[in-house]
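Just below is one structure, and these are the notes that go with it.
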Amino acid sequence: MPLICIASPKGGVGKTSIAANLAHALARTGRQVLAMDLDPQNALRLHFGIPLEDGAGFLAALPQRPDWREAARHVAPGLRLLPHGMVDLHQALALDAALERDPELLATPLASMLAEPGLLVIADLPPGPSRALAALVPQAALVLVALLADGGSVAQLPALRSGRFLGNGTLGSLLAARLRVVVNEVEAASHLACEVARAMADTLGQRLIGAIARDPAMAEALACQTLLAEYAPGCRAAEDIATIARILDRALPAPVATAPAPPTLAALWGANWSAAP
Ligand SMILES: Nc1ncnc2c1ncn2[C@@H]1O[C@H](COP(=O)(O)OP(=O)(O)OP(=O)(O)O)[C@@H](O)[C@H]1O
Ligand SMILES: [Mg+2]
């Protein structure tokens, strides 16, 4: 049911890596998760081993009104993926125009995803403002913003604190309450990183929910087209992502309990199984 948007005013800050690995970490807590790629770069699939030449996807096919359940790939236990699909420049612009003309193209399947009991949707957004971000934010339980521990990220803090990144005026300030921030690629030994983290904590307070270490395993896992917890379980960044997943898990409604499996005959008869008629 809940939707988490992974977004940022900045590009190249780890949104897609965080979306993929958080989706995996949350599925490992027992949730049913749908990871949805809304970025025409179509990169989320690469974390799940989908071959480069496999260009099929959901968002790219929206004008044909695809069934999201049929487009979803099972990529790990409890985890389905909706790749964006491969698009060229003109297709990306045409898709944007189609979404502007008919916002229901995305709103209708999104409503169906959010109506599925117990399903957690994690959406990977393109950098900066986008039509997809504007369409999803009103439905989002949380917008998780990724930043780096650098001066450029500090410059974005006023727009995040006021909610301007998500909208204007009253709408922006209402939506700002759903905003959470993680700072990525942190080097604990760096004086700059410590100062930036302090500035972020001062400005954002409780909205700053975690930090992820700069860890070569993150880039290596992507190069191997696999998830961090499978490539380097227990590495520093994997632990940081697991911690953030636990924080989000606690902030979200509890997963829907699945019906217990009916007892087997052996369990019913217990030790007398062999003597049963
Ligand atoms: N914690 C980290 N430590 C080291 N490298 C990282 C870390 N997080 C992400 N990276 C690397 O940084 C690069 C950019 O990451 P990613 O593609 O996830 O960013 P993005 O914000 O989604 O980019 P874009 O704005 O283009 O969509 C990738 O090579 C990724 O492997
Ligand atoms: Mg990305």
Side-chain angles (χ1 to χ4, degrees), residues 1-7 14-88 91-92 95 99 105-126 130 132 135-136 139-140 144 218-231 233 238 241-242 245 248-249 252 255-256 258:
M1 260 150 33
L3 165 68
I4 300 180
C5 294
I6 314 289
K15 295 177 296 297
T16 303
S17 308
I18 293 169
N21 291 294
L22 257 187
H24 187 224
L26 284 159
R28 280 158 49 116
T29 68
R31 287 183 179 271
Q32 292 297 314
V33 180
L34 178 69
M36 174 166 54
D37 191 352
L38 291 142
D39 185 341
Q41 291 183 76
N42 197 22
L44 186 62
R45 72 200 164 117
L46 301 177
H47 294 263
F48 298 98
I50 307 271
L52 264 181
E53 61 276 12
D54 182 340
F58 176 67
L59 210 81
L62 264 193
Q64 290 83 53
R65 299 179 191 271
D67 180 332
W68 68 267
R69 288 188 181 83
E70 281 172 17
R73 322 269 185 104
H74 285 267
V75 287
L79 178 53
R80 283 176 285 174
L81 167 72
L82 275 178
H84 179 284
M86 206 113 72
V87 285
D88 62 25
Q91 289 165 326
L95 180 58
L99 278 174
L105 279 177
L106 182 54
T108 302
L110 181 68
S112 156
M113 292 169 206
L114 299 183
E116 188 161 304
L119 184 67
L120 168 62
V121 182
I122 297 199
D124 178 32
L125 277 300
S130 65
L136 262 63
Q139 310 294 329
L144 190 62
M218 191 79 122
E220 289 163 14
L222 173 58
C224 296
Q225 288 200 251
T226 190
L227 293 154
L228 190 59
E230 282 167 4
Y231 177 79
I241 285 173
L248 293 177
D249 190 51
L252 294 171
V256 172
T258 45

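Ala60 and Leu95 get closest at one heavy-atom pair: CA-CD2, 4.1 Å. Taking each heavy atom of Lys15 and Pro126 in turn, the nearest pair found is CE-C, 4.1 Å. Closest non-hydrogen pair, Pro66 versus Ala61, comes out as CD-O, 3.2 Å. Across all non-hydrogen atoms, the minimal contact from Ile241 to Ala25 is CG2-CB, 4.3 Å.
Annotation: side chain to side chain donor-acceptor pair (under 3.5 Å) contacts of Glu116 (sequence neighbours excluded): Arg69, Arg80. Partners of Asn21 by side chain to side chain donor-acceptor pair (under 3.5 Å), not counting sequence neighbours: none found. Partners of Ala135 by side chain to side chain contact (heavy atoms under 4.5 Å, CB included), not counting sequence neighbours, listed by chain and number: Leu106. Looking at residues two or more places apart in sequence or on another chain, you find no side chain to side chain donor-acceptor pair (under 3.5 Å) involving Ser17. Here Ala71 pairs with Phe58, Leu82 under the side chain to side chain contact (heavy atoms under 4.5 Å, CB included) rule; sequence neighbours left out. Taking the side chain to side chain donor-acceptor pair (under 3.5 Å) definition, one finds that Glu220 meets it with Tyr231, sequence neighbours left out. Under the side chain to side chain contact (heavy atoms under 4.5 Å, CB included) criterion, Ala132 pairs with Leu38, Leu125, Ser130, sequence neighbours left out. With sequence neighbours excluded, no residue forms a salt bridge (charged side-chain N to carboxylate O under 4.0 Å, His left out) with Glu230. Under the rule for a side chain to side chain contact (heavy atoms under 4.5 Å, CB included), Ala219 has no partner lying at least two apart in sequence or in another chain.
With hydrogens and angles disregarded, a donor-acceptor distance shorter than 3.5 Å links the side chain of Asp37 to the backbone of Leu44.
Residues in residues 105-115 take part in these side-chain hydrogen bond (donor to acceptor under 3.5 Å, both in side chains) pairs, two or more places apart or across chains: Trp68-Ser112, Glu104-Thr108. For residues 21-33, the salt bridge (Lys or Arg N to Asp or Glu O under 4.0 Å) pairs, not counting sequence neighbours, are Arg31-Asp249.
The distance from atom CG of Leu110 to atom CG of Leu105, rounded to the nearest 0.5 Å, is 12.5 Å. In this structure, CE on Met113 lies 9.5 Å from CG on Leu3, to the nearest 0.5 angstrom. With values rounded to the nearest 0.5 angstrom, His84 atom NE2 is found 10.5 Å from Asp124 atom CG.
Between Val75 and Leu227, every side-chain heavy-atom pair lies at or beyond the 4.5 Å cut-off. Taking 4.5 Å as the limit, some side-chain heavy atom of Leu252 sits within range of a side-chain heavy atom of Ile4.
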Residues 45-57, side-chain donor-acceptor partners within the protein, below 3.5 Å, at least two apart:
from  : atom 1 : to    : atom 2 : distance (Å)
Arg45 : NE     : Asn42 : O      : 2.7
Arg45 : NH1    : Pro51 : O      : 3.3
Arg45 : NH1    : Leu52 : O      : 3.1
Arg45 : NH1    : Asp54 : O      : 2.7
Asp54 : OD1    : Ala56 : N      : 3.2
Asp54 : OD1    : Arg73 : NH2    : 3.1
Asp54 : OD2    : Arg73 : NH1    : 3.0
Asp54 : OD2    : Arg73 : NH2    : 3.4

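Test Asp39, Ile122, Thr16 against Ile6 for side chain to side chain contact (heavy atoms under 4.5 Å, CB included) and you get one pass: Ile122.
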